*Asks:* 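Pasting in a structure now, in structure tokens, and then I'll have a few things to ask.
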Number of protein chains: 2
Amino acid sequence: MQFSKSTGNALHALIHLAHSDRGQHVGIKELSSSLGVSDSYLSKIMSKLRQDGIVRASTGASGGYELARPADRISFLDVIQVIEGRQQLYECLNANAHHHPLAEAAEWSEEEESGHPESKDCLVKKVMNGAELQMQSYLRAHTIQWVLDHASPGSIRGGNGE
Amino acid sequence: MQFSKSTGNALHALIHLAHSDRGQHVGIKELSSSLGVSDSYLSKIMSKLRQDGIVRASTGASGGYELARPADRISFLDVIQVIEGRQQLYECLNANAHHHPLAEAAEWSEEEESGHPESKDCLVKKVMNGAELQMQSYLRAHTIQWVLDHASPGSIRGGNGE
DNA sequence: CCTTTATGGATGTATAATGTCCATAATAAA
DNA sequence: TTTATTATGGACATTATACATCCATAAAGG
Ligand code: SF4
Ligand code: SF4
């Protein structure tokens, strides 16, 4: 289980965009050469980011990409979910639903009896999903802007001084 | 990015083992039929768990598997790391190391100058690894025994009453 | 000795990740 | 309007993992 390389590239591309963010459009070639990947590959990633409203794209001469909203409202979680998808990290197959009786929580059959007990009370799921939520809350709290804010001042070349 | 099914099966198998844990050995056939998977498949998983010291195995008649240590000292994290491996969730390729200058932390070149700045100060890594640590600390805090403790009492059939 | 049981190598299949190519459409600039 | 520029999305090829099975072997108990 690992994050895909595409996720890393998406993050790096967005940091680059946020960097030169004064309403300017950045072309795919500048982005891809900056990241050291091919433009055909990166364009797929950018296209996904556009479909999910993270960036805007414009065609034609002097076109390119820009952030669709301020960098402090683009969290790492947003980006990761676009690339990795939104399924849960842990999903049990129904084929697996020969589950241990032990896996059901203590308070049971008193409150609900119409649904699958699996989906709400399973303790295995509770732990695995709880772990995922921990990670997500951390990722939600860190934005693209956070990276810019904590970066070495010497590295910030553009600023706003033309 | 998802946990593999093998991870889920490993967890379920261990819960089953912990369930009938009075020093008895549980055969692969009982385990696999309980989980609804083939024995040849599950045996690979059990073998990994044995190599990492999570379970013990004994061959021969009336052989099988047992937990190698009490269930309260087998955390979800232990199990996951055996099956998924111990690499970090996020790793940047060196090919990618055309990294943004922005990605390096503010306090820099004052304390260290001998290593790759990437490996210690990169802010992208800091966020991604921080997120992983959040998840891991949660998984480390939840053990197989925790599941047994919080399960419905009615579901616990064996107990110790023969 | 013979049955039971786990082990690990070899192998095959399915699915997902990665990466490229090209035809097309949209747009700005000349 | 024409042309150069740029993103788009489908099709495709290529790995890399995950999933799954089979079989020969070894170890242990009866
Ligand atoms: S015990 Fe929980 S995780 Fe396992 S199959 Fe049942 S519902 Fe899914
Ligand atoms: S900026 Fe950080 S994550 Fe990106 S390539 Fe450099 S070290 Fe790796």
Side-chain angles (χ1 to χ4, degrees), chain A residues 1-10 13 17 23-33 35-68 80 82-85 87 89-93 95-96, chain B residues 1-10 12-13 17 24-33 35-68 80 82-85 87 89-93 95-96:
Chain A
M1 196 193 38
Q2 273 195 297
F3 288 105
S4 77
K5 294 183 203 170
S6 295
T7 294
N9 284 320
L17 281 188
Q24 329 198 47
H25 294 244
V26 179
I28 191 72
K29 272 188 283 198
E30 176 179 337
L31 281 176
S32 61
S33 72
L35 302 194
V37 301
S38 76
D39 49 346
S40 46
Y41 166 54
L42 189 62
S43 70
K44 298 291 191 207
I45 295 172
M46 297 311 294
S47 190
K48 265 193 176 178
L49 290 172
R50 186 191 63 86
Q51 285 168 21
D52 272 66
I54 308 286
V55 302
R56 268 191 299 263
S58 37
T59 61
S62 79
Y65 300 96
E66 62 180 337
L67 298 185
I80 290 168
V82 169
I83 307 296
E84 306 281 346
Q87 358 80 23
L89 253 40
Y90 178 77
E91 286 176 343
C92 67
L93 295 315
N96 234 8
Chain B
M1 198 192 37
Q2 272 194 299
F3 289 106
S4 75
K5 294 183 202 168
S6 295
T7 294
N9 285 321
H12 285 74
L17 281 187
Q24 330 197 48
H25 294 245
V26 179
I28 190 71
K29 271 187 284 197
E30 177 179 337
L31 281 176
S32 61
S33 71
L35 303 194
V37 301
S38 76
D39 49 346
S40 46
Y41 167 53
L42 189 61
S43 69
K44 299 291 192 204
I45 295 172
M46 298 309 295
S47 190
K48 266 193 176 178
L49 291 172
R50 186 191 63 85
Q51 286 167 21
D52 273 65
I54 307 288
V55 302
R56 268 191 299 264
S58 35
T59 61
S62 79
Y65 299 95
E66 62 180 337
L67 298 185
I80 289 168
V82 169
I83 306 298
E84 305 282 346
Q87 358 80 23
L89 252 42
Y90 179 77
E91 285 175 345
C92 66
L93 294 317
N96 234 8

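Remember, predicted model here, so these are calculated numbers, not experimental data. Every heavy atom of this structure was used, including side-chain atoms; hydrogens, water molecules and symmetry mates were not.
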*Asks:* Write down the distance between CD1 (B/Ile45) and C1' (D/dA20), rounded to a whole number of angstrom.
*Replies:* 10 Å

*Asks:* Hey, is the side chain of A/Lys44 pairing donor to acceptor with the base of D/dG10 inside 3.5 Å?
*Replies:* yes

*Asks:* From NE2 of A/His25 over to C1' of C/dA26, roughly how many Å is that when rounded to an integer?
*Replies:* 14 Å

*Asks:* Distance check: side-chain N/O of B/Arg50 vs OP1/OP2 of C/dG8, anything under 4.0 Å?
*Replies:* yes

*Asks:* Which residue, B/Ala57 or A/Asp39, contacts DNA chain C at a nucleotide closer to its 5' end, judged by nearest heavy atom?
*Replies:* B/Ala57

*Asks:* Once you round it to whole Å, what is the distance between P of D/dA18 and CE of A/Met1?
*Replies:* 10 Å

*Asks:* Find the distance A/Lys48:NZ to D/dA7:P and express it as a whole number of Å.
*Replies:* 19 Å

*Asks:* Please work out if A/Gln51 contacts a base, only the sugar-phosphate, or nothing of the nucleic acid, heavy-atom cut-off 4.0 Å.
*Replies:* sugar-phosphate

*Asks:* Specify the residue among B/Ser6 and A/Ser47 whose closest nucleotide of DNA chain D lies further upstream toward the 5′ end.
*Replies:* A/Ser47

*Asks:* Could you give the distance from CD (B/Glu30) to CG (B/Asp39), rounded to the nearest 0.5 Å?
*Replies:* 13.0 Å

*Asks:* Roughly how far, to the nearest 0.5 Å, is the CG atom of A/Leu89 from the CE atom of B/Met1?
*Replies:* 4.5 Å

*Asks:* Do B/Val37 and B/His12 come within less than 4.5 Å of each other through their side chains, counting heavy atoms only?
*Replies:* no

*Asks:* Please determine, for the side chain of B/Ser4, which listed nucleotide (C/dA26, D/dT21, D/dC19) has the closest atom?
*Replies:* D/dC19

*Asks:* Round to the nearest Å and state the distance from B/Asp52 atom CG to C/dG8 atom P.
*Replies:* 12 Å

*Asks:* Are OP1 or OP2 of D/dT8 and a side-chain N or O of A/Tyr65 less than 4.0 angstrom apart?
*Replies:* yes

*Asks:* How long is the gap from OH on A/Tyr65 to CG on A/Leu49, to the nearest 0.5 Å?
*Replies:* 9.0 Å

*Asks:* Does A/Ser58 put a side-chain nitrogen or oxygen below 4.0 Å from OP1 or OP2 of D/dT6?
*Replies:* no

*Asks:* For B/Tyr41 and for A/Val26, find the nucleotide of DNA chain D with the closest heavy atom, then tell me which residue's nucleotide is more 5'.
*Replies:* A/Val26

*Asks:* Using a 3.5 Å distance criterion without hydrogens, assess whether the side chain of B/Glu84 forms a donor-acceptor pair with backbone atoms of B/Ser4.
*Replies:* yes

*Asks:* Starting from P on D/dA18, measure out to CG on A/Leu89 and report it in whole angstrom.
*Replies:* 13 Å

*Asks:* Could you tell me how far apart A/Glu91 (CD) and C/dA16 (C1') are, to the nearest whole angstrom?
*Replies:* 15 Å

*Asks:* May I ask you to say what A/Ser38 touches in the nucleic acid, namely base, sugar-phosphate or nothing, with a heavy-atom cut-off under 4.0 Å?
*Replies:* sugar-phosphate

*Asks:* Nearest-nucleotide wise, let me know which of B/Ile28 and A/Thr59 is further upstream toward the 5' end of DNA chain C.
*Replies:* B/Ile28

*Asks:* Scan B/Ser40 against the nucleic acid and name what it touches under 4.0 Å (heavy atoms): base, sugar-phosphate only, or nothing.
*Replies:* base

*Asks:* Check every atom of D/dC19, C/dA29, C/dT20 against the side chain of B/Lys5 and return the nucleotide holding the closest atom.
*Replies:* D/dC19

*Asks:* Separation of B/Lys29 atom NZ from C/dT4 atom C1', in whole Å?
*Replies:* 8 Å

*Asks:* For B/Ser47 and B/Ser43, indicate whether the former's side chain and the latter's backbone hold a donor-acceptor pair under 3.5 Å.
*Replies:* no

*Asks:* Nearest to the A/Ala61 side chain among D/dT5, C/dG19, D/dA27, which nucleotide is it?
*Replies:* D/dT5

